[in-house]
Protein chains: 2
Amino acid sequence: MGTVTIKEVAQRAGVSPGTISNVLNRPERVAPATRKRVEEAIRELGFVRHGSASTLRAGHSRIIGLSVMDIGNPFFTDVAAGVEETASALGYAVILGNSAGSLAKEERNLRVLAEQRVRGVLITPSDDDPARFDQLRERDISVVLVDHPAHRPDQCSVTVNDVGGGQMAVAHLLGRGARRICHLTGPLTIRQCRERKLGAEQAVIAAGLDPTSTLELVEAPAMTARAGQQAAERMLDTGLLPEAVFCANDLLAVGVLRGLLLAGVNVPDDVALIGYDDIDFAAASTVSLSSIRQPTYRLGQIATELLLDECDNPGTHAHQQIMFQPELVLRESTGSPR
Amino acid sequence: MGTVTIKEVAQRAGVSPGTISNVLNRPERVAPATRKRVEEAIRELGFVRHGSASTLRAGHSRIIGLSVMDIGNPFFTDVAAGVEETASALGYAVILGNSAGSLAKEERNLRVLAEQRVRGVLITPSDDDPARFDQLRERDISVVLVDHPAHRPDQCSVTVNDVGGGQMAVAHLLGRGARRICHLTGPLTIRQCRERKLGAEQAVIAAGLDPTSTLELVEAPAMTARAGQQAAERMLDTGLLPEAVFCANDLLAVGVLRGLLLAGVNVPDDVALIGYDDIDFAAASTVSLSSIRQPTYRLGQIATELLLDECDNPGTHAHQQIMFQPELVLRESTGSPR
DNA sequence: AAATCCGGCTAACACGTTTTAATAGATCAC
DNA sequence: GTGATCTATTAAAACGTGTTAGCCGGATTT
């Protein structure tokens, strides 16, 4: 039938099944001559190792789990690409789970991962409760937090400095001479939004200015282009436009841009505009968008490397909380030449 | 330690391990009273089934594989979301593989999936060679093709009518009175591009017009916004703008839009513009973009349902080649009110 | 009352691999 | 030439679950 086992390979090569296993897992322990014979038999019979049997005996699989909050968001997609490529290069497969912001779905995904006895889990948690992960770690499943800081020292995490990103953005606007800045944030229940806002405030203070008069906060109900356009329309209604707008998200920024351009406002001369994330579209917009770039792909890559190091070298592994620095990308929307 | 087995649950509930297995797999065969006792024991001990042991014994897993061409493309992301959600609801996990257009990576991904003895595979193949899938099917792994037509009647596939989509787009432009239309396509090695182009030509013929004088073909080297903008700049250089442009892709269309607007061309009054895919950004663009919408999420959903039906009911399953119809979405770039 | 049936449960083997302890053969020191 | 050391291989025992055949006791039939 379709299923050819280690035993048949052994018979074909004239050795015992144990030797086949050695060829597969510790090739250096087997004499070159027999190794060659075995490899030939494997090819002739089209043998492929039964991963489940392997996992059952070894106690752990060569699969890692990845649970993200929103598979539709380019940020997470880029992270996922980094994870997939890194894991694949090291011989690991990736099981993908999309929690879609729902805790119930996240729980269910983690349960599936536990059933599969995955080697480890990468997760961008929906909330701040660390209890769920302990449940996994009791089962010898390593966990690395992605885009979320670890609460405990014996836990790896990979994040990007959101406070620093907010600071950069607003410092840039201040440097261009803006003194009445609007910060259009997303829901402040989102940690990233809170920190970017904090960074914005710090930049104002660092410049020796008064935060309350310099920075006006507007909280959008969602981080979408539609919400951004609505926010822009409300600004226009008040009659007093800010000199610059810092959006917590490129999608918001794109919406604001559209709203302003439709009303005949000149960007960047009347109002300067900067977003966050540097999604592909930021560069392609009618007025190309200045933004804060995050090393998304690298985020996934490093998280995966940390996870697999923790799995493969449990003795020497040192838990790390890595924080990347974002990068200011200047384009037309804050007055840079294209 | 962390690992609690069926045996311990059995002891706790005062039954044999076989009964636990029955509770998990055929609950109706066990008396309500004992079932309740077992379920309680499971909860108390925090038992979770060992997926690999289960797979080994049962001969198949509760995992399906998904191999896509480009995880960064919103089209595939949306398909993946449909797959993930549908599979998850039916108790299946999804292993994600990104072939990134490389056949070698695709091969490697399929190998990993074969090792895991996945229940089935959803794949958007990089080329037209059907031999690779036969290799899987010999191992009792079902295969459903996504966004690619099946060559054989005993093979399921789910596609979207690309010829029809091209037809719709150009018919709409003709209906607005355009008689000099530019079709900006992507590389014609891509099947989808070839078919959309064919549809465009058919629409012209159906309107009783001459294809060669009505439709000008421009082939972009890539389907990106940058390539679109460059194409627009070349059109402007010639001095003779078309009355309308049909792009094989929204990203191309966004680039064209940017190029035209920067040159002071009015869209849609001077040049009408329509894209393909209806990515989120199409609606958010400065001049919102008319486009051809594909039922991406549903594509993933139906493909998954077909696959699991083929797995669970091998007797009654009827292989199907399903083709969805795309949908015309009208916005400002072809003159519709916003 | 004996024969039959049936629901509910158990015992035990099988799935394909990894790993440990043991074996046989070869090499080496003395 | 004898015993010790080392190398290449093997036999056999796990890993945790699913499944099959069979057992037991009570209910139903004749």
How close or far is atom [atom2] of [N] from atom [atom1] of [X], stated in whole angstroms?
X	N	atom1	atom2	answer
A:E115	D:dT17	CD	C1'	12 Å
B:I6	D:dC15	CD1	C1'	13 Å
B:R37	C:dC9	CZ	C1'	11 Å
B:R35	C:dC9	CZ	C1'	14 Å
A:L56	C:dC15	CG	P	14 Å
A:E28	D:dT7	CD	P	13 Å
A:Q116	D:dG16	CD	P	16 Å
B:K7	C:dA12	NZ	C1'	11 Å

Please set out all donor-acceptor pairs under 3.5 angstrom arising from side-chain atoms of residues 66-75 of chain B, sequence neighbours excluded.
unit_1, atom_1, unit_2, atom_2, d
B:D70, OD1, B:G72, N, 2.8
B:N73, OD1, B:F75, N, 2.8

Would you say the side chains of [X] and [Y] form a donor-acceptor pair under 3.5 Å?
X	Y	answer
B:R139	A:T3	no
B:Q155	B:R152	no
A:D147	A:Q192	yes
B:S142	B:R119	no

query: If you count the non-hydrogen atoms of other residues, nucleotides and ligands that lie under 6.0 Å from CZ in B:R35, is the total more than 12?
result: yes
- prompt: For the helix from C:dA1-D:dT30 to C:dC30-D:dG1, what is the angle between the axes at its two ends, each from 5 pairs, rounded to 10°?
  reply: 40°
- request: Mind checking B:T55 for me? I need base, sugar-phosphate or nothing, with any heavy atom below 4.0 Å counting as a touch.
  value: nothing
- request: Remember a base hit wins even if backbone is also touched, and classify A:S52 as base, sugar-phosphate or nothing at under 4.0 Å, heavy atoms.
  value: nothing
field: B:Q116 CD to B:L113 CG distance, which is reported to the nearest 0.5 Å
entry: 8.0 Å
- prompt: Can you check whether A:S16 has a side-chain N or O nearer than 4.0 Å to OP1 or OP2 of D:dA11?
  reply: no
message: Quick check on C:dT18: is either OP1 or OP2 less than 4.0 Å from any side-chain nitrogen or oxygen of A:R49?
response: yes
query: Looking at side-chain heavy atoms only, is the closest gap between B:I322 and B:I302 below 4.5 Å?
result: yes
task: Return the minimal non-hydrogen interatomic distance between B:A41 and B:R12, and the atom names on each side.
output: CB-CG, 3.7 Å
statement: Nearest heavy-atom contact between A:V15 and A:V38 is CG2-CG2, 4.1 Å
query: Hey, which of these two, B:V30 or B:A53, hits DNA chain C nearer its 5' end, going by closest nucleotide?
result: B:V30
statement: Between B:P32 and B:R117, whichever has its closest DNA chain C nucleotide further toward 5' is B:P32
message: Among D:dA8, D:dA11, D:dT17, which nucleotide has an atom closest to any side-chain atom of B:F47?
response: D:dT17
I'd like a list of close polar pairs between nucleotides 19-24 of chain D and the protein, N/O only, cut-off under 3.5 Å.
none

